[in-house]
Structure formats: C-alpha cells, structure tokens
Student: 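Take a look at the following structure, please.
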Number of protein chains: 2
Amino acid sequence: MANPREGRERQPKLLRDVPVRMKDIARDLGLSTVTISKVLRGHSDIGEETRKRVLKRMQELNYQPNFAARALITGRTWTIGLVVPDLLHPFFAQVAKAISAGVRGQGYSLIITSSEEYPELERQEIEQLLARRVDVMLIASAQSTVESFRRIEDRGIPLILIDRRFVDLVANFVGVDDEAVGVLATDHLIDQGCQRIAHIRGPETSTALGRLEGFRRALAAHRLTPLAKHIVSIGASGDDRGAPGGYEATKKLLKSSPRPDGIFCFNDPIALGAMRAIFDAGLRIPEDVAVVGCGNLLYSDFLRVPLTSVDQDSSAIGKIAAELALSLVSQKKPSRPKTELVTPTLVVRASSLRH
Amino acid sequence: MANPREGRERQPKLLRDVPVRMKDIARDLGLSTVTISKVLRGHSDIGEETRKRVLKRMQELNYQPNFAARALITGRTWTIGLVVPDLLHPFFAQVAKAISAGVRGQGYSLIITSSEEYPELERQEIEQLLARRVDVMLIASAQSTVESFRRIEDRGIPLILIDRRFVDLVANFVGVDDEAVGVLATDHLIDQGCQRIAHIRGPETSTALGRLEGFRRALAAHRLTPLAKHIVSIGASGDDRGAPGGYEATKKLLKSSPRPDGIFCFNDPIALGAMRAIFDAGLRIPEDVAVVGCGNLLYSDFLRVPLTSVDQDSSAIGKIAAELALSLVSQKKPSRPKTELVTPTLVVRASSLRH
DNA sequence: TGCCCTAAAGTTATCGATAACTACAACCAG
DNA sequence: CTGGTTGTAGTTATCGATAACTTTAGGGCA
C-alpha cells in the first residue's frame, strides 16, 4: 500500500503521523474532495462504484474527519456541554455517567465542567462553553443568575436544566419529583409510628423547597403540623453542607423539647451526621429516633445502622437528559420546553424500620 | 451603542444572537481583521491607541474567539481528553475533579469519557479523542492494548497515564506508589499483632500487582511467608469486583485453616464485603480479624466498624496530572517521559486497631 | 436527428481565524 | 537630499471541510 502522504505539499513535522485529509483520499483515487465529502455524508448523487472505492480507501487510511473544519462551515461542533456542581458527589457523578453513556456512539463529545457550587464559577464555565459553541448545554445549576441561561437561549443553544430549576425561567428540565421525595419519606416515618417528625432541610434550591413542601403536605394529610423548631437548616457554606452540618443540626434538634422521634434529612451525608449525633447522645436508631436520608448513596447497606433512603434514580435522570439532548440538537426549530420528572422510590433499611 | 451586526452580510436566522466575529469589530473600527487578531494575541506591532480601541470594543461586544477557526489554522484545539474506567468510582471521580480544577481558567476544555472498564470501549473513546485532535490525553486505562497508546504517540499528542501503567510502554505516568500501599497496609497489620495476614487482590493491573508485591515485601521483611491460599483473587467480571466479590472471597478465606487474622483488601468496596462476611461468620472486627482497605472512600467513619484504609491522595494525583498536562502542551519538542509517584498514607480506624 | 433530462461528477465561494509577507509613513543618519 | 530603518497596519494565502452551483456524458423520446 502506497504511503498516502507521498507527494503531499506539507511535510510532517518531526516524524509524527499527520491525520489523513479528504484531499489525500481524493488525489489518491483521482477524484475531487467534494466527492469524498459527499460519500461521507451519504449524498445520493454518487455512483455506487465510486462510493465503494472511496469508503474502502477511507477505511484503509483510517480517515477521521476534521471536526474543526466541519464545525467552521456547518456551525455544529458535535459537542455537548455539561455543568455540575460537584463531580465527586455520587448523585452528579451518576448523572454524568449516565449522560456520557446515553450519548456514546452518536459522534458527540461531552465537555464536563464543575462549578464547585460557586455561582460565579458556573457563570464562567457557561461562558467557556458558549465560546466553544457547544450544540446543547446540560446544567445542574449552583443557583446561577438566570442571566447566564438567557445568554444560552439567545444564542439559540438548547438548554436542559437538571435536578435544580428556577421559577422565573422556562426551560427544559429533567429531575426528580421532589415533592414526591418529601411525601415518600415522611409518609414512611408516619407509617413507622413517628409522632414528631423533624426535617433537616437543604439550601434555597428548588430541590430543597420541593422536599420541604412534600414533607409539609404529607404531615398535613395526616392532620399533623410540624413544629417550627423541628425544621432546621444546615449551614449554607462549604463543609457544613454535608455530614458535619447534619451533625450540628441534629444536636440542636435533640436538645429541643419535645424531642423529635423521626428525622427526614435532605440528603444522605446529612443523615450520616444525624445518625452520629444520635448515637453520641446515647439514643438508639430507630427505636428512639428514626432516620431517613435521600440519595441512596452507595454502601448504605454497610453502615453501623443501614440507612433508609429515598432513591432518586440519578441514572434515569441522566439517561432521560441524554435522550432529550440528542433530540433537541437534531431538530431545526426550538421546541416548547419539556419537563421530565422521575419518580423516586423508598429503600427501607434498618434506620427507620421500627416494626 | 450601535448594533454591531448592522449591515452584516449574513442575517441572523430567527432572532438568535450570532456570535461576534473579528470582522465585525474590524469594520466597526475601520481596521482589518488581522489587526484585531494581532491585538488579541498581544502582537507587538500594534499602536497603543489602536490596541486600546480594539480591546474596548471587544469587551463591549463580548467577543469570543471561534475555537474551530483557530484550531483549523493553528492545529491546537485547546482541548484535553480524559478517559477513566468509571466516573462513579470515587477515586476516579476525585481525580477527574482535581484535573478539572487544575486546568481551570487556562482556556482549556476537558472532554471526559468513560471506558466502563471495557478495553474495547476505551479504544473507541481514544479514537474519538484523536479525531477531535485533543492537545493532550490523560488515560486511566482499563487494560487497553498498548496499540491505542502508540497511535496517540504517533500523532505527536502528549500522553499521560494515570493510576495504571504498562510494563512495555514508556509514557508519562502519574499515580500512587502501589508497593508503598501494600507495605503500609501490611506493616500496620503486622504491627497490630496479626500473624496470618491474607490479601484479597485485584485484577491483573499494575496497581494490583504493585500492592501484592508490597504485601509480600512487608511480610518478608518480618520473616513471614504468606500462605498461597491466603492470597485470593476476586472475580474479574463486573459486579464481582466490588463488595460482593469481597464477600465471596472472604467467605472462602474464613473457611481455610489456619484462618487469617488480618486481611488487606485491594480496595474499600472489597473491604466492605469482607467485613460483612466476617460479621456473618459471627466473628469480631478487629479482635478476630482485622481489616484494612484501600482508597479511603468517603464516609468510612460512619460504617458499623470504621474502616482503616490506605489513602491514595487521588486529589494530588489529579493535580499533578493537570500540571504535567499543561506543561506538555506548551512545549514544542516531545520530552522524556516523566513518572510522578504520590506517597500513600494510612488512615487508621477501628477495623484494624487492636490495642 | 435534435432536444431535454438525469446521473455523476467537478468548480467555486465560504466558514473565522492566523501565518507570512508587503506597504507605507515618519524619522534618522550620512 | 537620499537610502535605510522603524513602527503600524494591510494583503493574500491557508487550514479542511461543505453549500450551492455548474459541467459533462449518456439516454430516452418525439
């Protein structure tokens, strides 16, 4: 087989392989580059004979189209942008994994960035993705200003919000039904005979508000009213958000009177902190205080007391988001924003099972 | 402020904002695009006056250079490719997070892909990244054929292997000192009075082999010889690799005679499975069997028995890998491959603390 | 036979930026 | 006053592909 780059005008620097271009294949077969291009795109006005020759040669030379050149003329980069608040968080890691799997083999590349829960960083990452001209953007927002999202829409780039939404922004949304999460957890605690159920709520996000709302609704449905002091917030900043925050919040809860006999925690790390505080206070789980978390993180089964948790099916969220993204990039006109809610499920373990 | 796109040849489709081009700024100021380009790149042959006017206008119009156009002519895509075996695995998630943080603000975008531990998928992902012409590739390999790596090098693209290496491939490597991991864990178990130490080893990777080697070396240094039946492998396929695999392997170990009184597990999920098997056998941890894991996964503190684990400092690995990547893309000539080993530390918790 | 149509290719302009060279003042030294 | 230098900005070709025409040969049909 002849060297495809023989006689090529530009000599390779050093000894490195220079990628094969359409021009190389064209000269090789005595055709024009346009013909090669047409074959690649499955154009109809190419003879069967020629088509086969071109495809064969492409294979032989392992031709890979130049994305930059293609993007420049077509305006499509075959690139998807994903912004999450934290790659280490199992929920977002799973969502990212599922999205990655969902778009695999479709020719798209996924640029994954993290805002580290900082709105300003999120804004910058979005700008970078805009500069990259990604074809579609998926964002699990760290409470960014809606301004950034408007810029995305103004550019005509499809936007999909994940997990967290905004009241004053109409956009595609894929997430869990957070009210259902709250109802599921609270109903379960009530069902287990808890009388005074507390809630450790999350920060000011749609997620936290939805779960709180579900919590309230479930109690109301049983003619129960939560005490104000039984709804506590964790610190909004940094480390306080996880287990340490849950620990502190629970210490406070346990000192209150009447003492709660069940706690619905915004997420699993908080629940872990809560459990530790309960143990430290010399109380038993679930006999004295039942605990329900949210997120169903891995290895919950291996804890000192296995943790009951609401599963958000992050995998499904990622899968649906990926499908939606693929459908959005392939349609010409912007379509009406869709909302896709995943139904949560309760995974009951020892931390809440009283009988 | 006048509309920058007034009189622009190409009308925006629909009502979407079309990104500003150099040409727009140039016409705006009565200059040529080349001048704009030179200002952007800090060329010296531009007058101070002009420079300021151009920069000001760029700001006003929020100019964002077109990466595709730039990549086409310069050959640099300002893109970094990362391939990991599993985004959900806390180790790789942390590495990815640290790499992402390490390259932030440098103008690069990170394309993160997962091989799901399948060599064939890894090969495909690498091909995709090659087609994208990424500037540098970081790979935590799922035991791919070295063939793929050769193709990367032939293209002249800098390659950095992470965590897992290959004997027959000389390439940049950033990872933990796996022999030290094995020594650290084993020394500790010996120190805690364990006499018959078992090892549940991982699959045929450099990582598993290194830890096994460290295990052997530490025992030998104390004139101990491991029994062959005390070194067991977990199933190589899918689910067996995590906690379930550890559970099965440990059941087998506990039936053997003499029964081991200490187990060094390849990773934390395996250790979790091991602990469960030990409990199920009615034995105590650490009195009857001490357990050491590896990875220091989150929430180890909250387990039924907190797990002693070797911390691999995945954050440092990612940080170093990012720095190395940035340095590689900015140098013209390929340089001699570097090896950067991070020193592991032991985090002692109850699962191994006998006195 | 002559006209038109179709199939199968090719020509040319273009995408947005940069590399490499050129143009043209103003200024200076001899 | 002239030739060369310096400082600034412009011209032109190019990167690799695609959009939108155009060309050409052959065939069918009246």
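Keep in mind the model is a prediction, meaning the values are calculated, not measured. Within every chain, numbering begins at 1; the chains are lettered A, B, ... in the order of the sequence lines, protein sequences first and strands thereafter.
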Student: Under 4.0 angstrom, heavy atoms only, what part of the nucleic acid is B/Leu31 near: base, sugar-phosphate, or nothing?
Tutor: sugar-phosphate
Student: Rounding to a whole Å, what distance do you find between A/Ile46:CD1 and D/dT18:C1'?
Tutor: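 One finds 13 Å between C1' of D/dT18 and CD1 of A/Ile46, rounded.
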Student: Of all the choices, C/dA9, C/dC15, C/dT18, which nucleotide is nearest to the side chain of B/Ser37 once you look at every atom?
Tutor: C/dT18
Student: Would you say D/dC15 has OP1 or OP2 under 4.0 Å from some side-chain N or O of B/Thr74?
Tutor: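 So the side chain of B/Thr74 is outside the cut-off, no N or O lying under 4.0 Å from OP1 or OP2 of D/dC15.
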Student: Verify the contact: side-chain N or O of B/Ser32 to OP1 or OP2 of D/dA9, cut-off strictly under 4.0 Å; return yes or no.
Tutor: no
Student: If I compare all heavy atoms of A/Ala69 with all of B/Leu72, which pair ends up nearest, and what's the gap?
Tutor: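 Scanning both residues completely, I find the closest heavy atoms to be CB-CD1, 3.6 Å.
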Student: Take atom CG of B/Asp24 and atom C1' of C/dA17, then tell me their distance rounded to the nearest Å.
Tutor: 13 Å
Student: Are a donor atom and an acceptor atom from the side chains of A/Gln331 and A/Ser335 found within less than 3.5 Å of each other?
Tutor: yes
Student: Considering only side-chain heavy atoms of B/Arg70, which listed nucleotide, D/dA9, C/dA17, C/dG10, is closest?
Tutor: C/dA17
Student: Counting side-chain heavy atoms from CB outward, which of C/dA9, D/dA17, C/dG16 is closest to A/Met22?
Tutor: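 For A/Met22, the side-chain atoms sit closest to D/dA17.
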Student: Please report, rounded to the nearest Å, how far the P atom of D/dG16 is from the CH2 atom of A/Trp78.
Tutor: 21 Å
Student: Output the rounded distance in Å from NE2 (B/His43) to P (C/dC21).
Tutor: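 Whole-Å distance recorded here is 13 Å.
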Student: Taking atom types as modelled, is there a side-chain donor on A/Ser141 or A/Arg164 under 3.5 Å from an acceptor on the other?
Tutor: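 No - no donor-acceptor pair under 3.5 Å links their side chains.
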Student: Both A/Ile73 and B/Arg41 contact DNA chain C. Which one's nearest nucleotide lies toward the 5' end?
Tutor: A/Ile73
Student: Which part of the nucleic acid does B/Asp45 contact within heavy-atom distance under 4.0 Å: base, sugar-phosphate only, or nothing?
Tutor: base
Student: Given atom CD of B/Gln64 and atom P of C/dC15, what is their separation to the nearest angstrom?
Tutor: 19 Å
Student: Any salt bridge linking A/Glu125 with B/Arg104? Criterion: basic side-chain nitrogen under 4.0 Å from a carboxylate oxygen.
Tutor: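 B/Arg104 and A/Glu125: salt-bridged.
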Student: Quick check on D/dG16: is either OP1 or OP2 less than 4.0 Å from any side-chain nitrogen or oxygen of A/Thr33?
Tutor: no
Student: Scan side-chain atoms only and decide if A/Thr113 and A/Gln128 contain a donor-acceptor pair under the 3.5 Å cut-off.
Tutor: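 A/Thr113 vs A/Gln128: no donor-acceptor pair found between side chains.
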Student: Could you state the atom-to-atom distance from CD of A/Glu48 to C1' of C/dA8 in whole Å?
Tutor: 13 Å
Student: Could you check how far CD1 of A/Ile36 sits from C1' of D/dA17, rounded to whole Å?
Tutor: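 In whole Å, D/dA17 C1' lies 12 Å from A/Ile36 CD1.
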Student: B/Thr50 near the nucleic acid: base, sugar-phosphate alone, or nothing, with a heavy-atom cut-off under 4.0 Å?
Tutor: sugar-phosphate
Student: What nucleic acid atoms does B/Tyr63 come within less than 4.0 Å of, heavy atoms only: base, sugar-phosphate, or nothing?
Tutor: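 B/Tyr63: backbone/sugar contact only, no base atoms under 4.0 Å.
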Student: Let me know the distance between CZ of A/Arg27 and P of D/dG16, rounded to the nearest Å.
Tutor: 12 Å
Student: DNA chain D: B/Arg51 or B/Ala69, which has the more 5' nearest nucleotide?
Tutor: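 Its nucleotide being nearer the 5' end, the pick is B/Arg51.
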Student: Using heavy-atom distances to pick each residue's nearest nucleotide on DNA chain C, tell me which of B/Pro65 and B/Lys38 is more 5'.
Tutor: B/Pro65
Student: So does A/Arg53 pair up with A/Glu49, basic N to acidic O under 4.0 Å?
Tutor: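 Salt bridge absent between A/Arg53 and A/Glu49.
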